[in-house]
Amino acid sequence: MSVTSDETGSEADEPVRSLWHHQDFLKFWVGETVSLLGTQVTNLALPLTAIYAFNASDEQVGFLRFLQLVPYIGFALLFGVWVDRVRRRNVMLATNLFRAVLIGLIPVLHWLDVLNMPVLLVIACALGTASCLFDVSWMPFVPTLVKDPKHYVEANAKMGISQSVSDVAGPGMAGVLVSVLTAPVALIANAGSYLFSTFMLLLVRTREAEHWTWPRPVPHSWPT
């Protein structure tokens with residue numbers, strides 16, 4: 001009995017290794033931090049693109065921003081239920097690539113002189129939908145990644161730091177890029193951030209448990 005209690009006590013006293021030693025979490029964290037900084041570029045450059053290219057009014061710019069945010073109101077709960085039934089890493093990879101394509105499409109359409117306000121509004125709504133799906137995927141993916149509940153607080157703290165840094169430094173960085181490159185071209189930086197985040201996710205080797213898509217059927221006992 002004393003040996004068992006001594007062993008239990010020694011295990012409890014063992015120091016928990018920091019997530020700085022967790023390679024997969026660090027890859028995900030760095031990729032997500034860069035992605036958040038890139039998103040700040042879009043938040044500034046997308047409305048400026050509407051103003052720069054179409055002389056958009058205040059109402060049009062406000063509606064553009066509204067379309068980016070409204071998917072969080074309409075789809076967040078539905079996406080959350082669906083994401084619990086699939087591999088979240090695959091969802092994040094797909095949404096990152098989708099957002100990179102959408103963002104990269106804006107300067108291309110602008111250079112081809114076929115970009116117009118309705119197209120920009122559709123892209124903004126699609127971006128918001130993809131971002132909503134990504135956000136409801138990465139939040140439950142972190143516990144799957146770190147596994148040990150003792151690391152949950154540290155993981156949340158690090159993700160919170162990334163969000164805070166992007167909120168503080170992101171707008172200034174976005175302003176510099178927009179002033180140097182113009183708004184449509186600056187969006188390419190965000191497309192690059194999504195591609196970088198995708199690359200870092202591909203380097204993550206932790207695999208999620210099997211998920212089943214729909215509720216498993218309950219076996220019936222038929223009368224004989």
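One distance of note links CH2 of W82 with CZ of R88; it measures 11.5 Å at 0.5 Å rounding. Annotation: the span from T206 atom OG1 to R89 atom CZ amounts to 9.0 Å, rounded to 0.5 Å. Summarising the geometry, atom OG1 belonging to T129 is positioned 9.5 Å from atom CG belonging to L102; distances are rounded to the nearest 0.5 Å. To the nearest 0.5 Å, the span separating SG on C132 from CG on L127 amounts to 12.5 Å. To the nearest 0.5 Å, the span separating CD1 on I188 from CG on L181 amounts to 8.0 Å. Note that CG of D58 and CD1 of I51 are 7.5 Å apart. Values are rounded to the nearest 0.5 Å.
For L112, the CG atom is densely surrounded, since the number of other residues' heavy atoms within 6.0 Å is greater than 12. In the displayed structure, Y72 atom OH is contacted under 6.0 Å by more than 12 heavy atoms of other residues, nucleotides or ligands. Remark: F54 CZ is packed, more than 12 non-hydrogen atoms of other residues, nucleotides or ligands lying under 6.0 Å away.
Cluster annotation: L120 is not connected to L44 through the hydrophobic network of ILVMFWY side chains, with a link wherever side-chain heavy atoms come within less than 4.5 Å. Under the 4.5 Å side-chain heavy-atom criterion for Ile, Leu, Val, Met, Phe, Trp and Tyr, L67 and L46 are members of the same hydrophobic cluster. Hydrophobic clustering (ILVMFWY, side-chain heavy atoms < 4.5 Å, transitive): I103 and L109 are in one cluster. No continuous path of hydrophobic side-chain contacts links V153 to L19 [ILVMFWY only; heavy atoms under 4.5 Å]. One hydrophobic cluster, built from ILVMFWY side chains closer than 4.5 Å, holds both L37 and V176.
A donor-acceptor pair under 3.5 Å is absent between the side-chain atoms of D24 and the main chain of V204, judged by distance alone. No donor-acceptor pair under 3.5 Å is formed between the side chain of S35 and the backbone N or O of G31. Between the side chain of N116 and the main chain of V119, a donor-acceptor pair closer than 3.5 Å is present. Between the side chain of Q60 and the backbone N or O of A50, no donor-acceptor pair lies under 3.5 Å.
The aromatic rings of F199 and F196 sit tilted, their planes meeting at an angle between 30° and 60°. Ring planes of F28 and W138: tilted class, angle from 30 to 60°.
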- Task: In sequence, state the C-alpha distance, the side-chain angles, and the governing distance for F63 and L121, and then conclude on side-chain contact (heavy atoms from CB on, under 4.5 Å).
- Result: CA-CA 8 Å; F63 186 56; L121 292 174; 4.0 Å; yes
- Task: Please assess W29 against H22 for the test side-chain contact (heavy atoms from CB on, under 4.5 Å), listing each intermediate value before the final yes or no.
- Result: CA-CA 11 Å; W29 183 35; H22 195 302; over 6 Å; no
- Message: Run the side-chain hydrogen bond (donor to acceptor under 3.5 Å, both in side chains) test on N190 and S193 for me, step by step, so that the C-alpha distance in whole Å, both residues' side-chain angles and the decisive distance to 0.1 Å come before the verdict.
- Response: CA-CA 5 Å; N190 191 19; S193 74; 2.9 Å; yes
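Geometrically, R99 engages Y194 in a cation-pi contact defined by less than 6.0 Å to the ring centre and at most 45° from the axis.
Nearest heavy-atom pair across K27 and L203 is NZ-O, 3.2 Å. Shortest non-hydrogen contact noted between F98 and A126 is CE2-O, 4.1 Å. The nearest pair of heavy atoms linking T49 to P184 is OG1-N, 3.6 Å. Scanning all heavy atoms of the two residues, the minimum distance from V136 to P140 falls at O-CD, 3.1 Å. Between A56 and V61, the shortest heavy-atom distance links the atoms CB-CG2, 4.0 Å. When every heavy atom of P71 is checked against every heavy atom of C125, the shortest pair comes out as CG-O, 3.9 Å.
Taking 4.5 Å as the limit, some side-chain heavy atom of N43 sits within range of a side-chain heavy atom of Q68. Between S18 and E154, the closest side-chain pair of non-hydrogen atoms falls below 4.5 Å. Contact check for M173 versus Q40: no side-chain heavy atoms found under the 4.5 Å cut-off. Counting only heavy atoms from C-beta outward, the side chains of F25 and V142 approach each other to under 4.5 Å. Contact check for V81 versus L77: no side-chain heavy atoms found under the 4.5 Å cut-off. By the 4.5 Å heavy-atom criterion applied to side chains, L97 and L195 are counted as neighbours.
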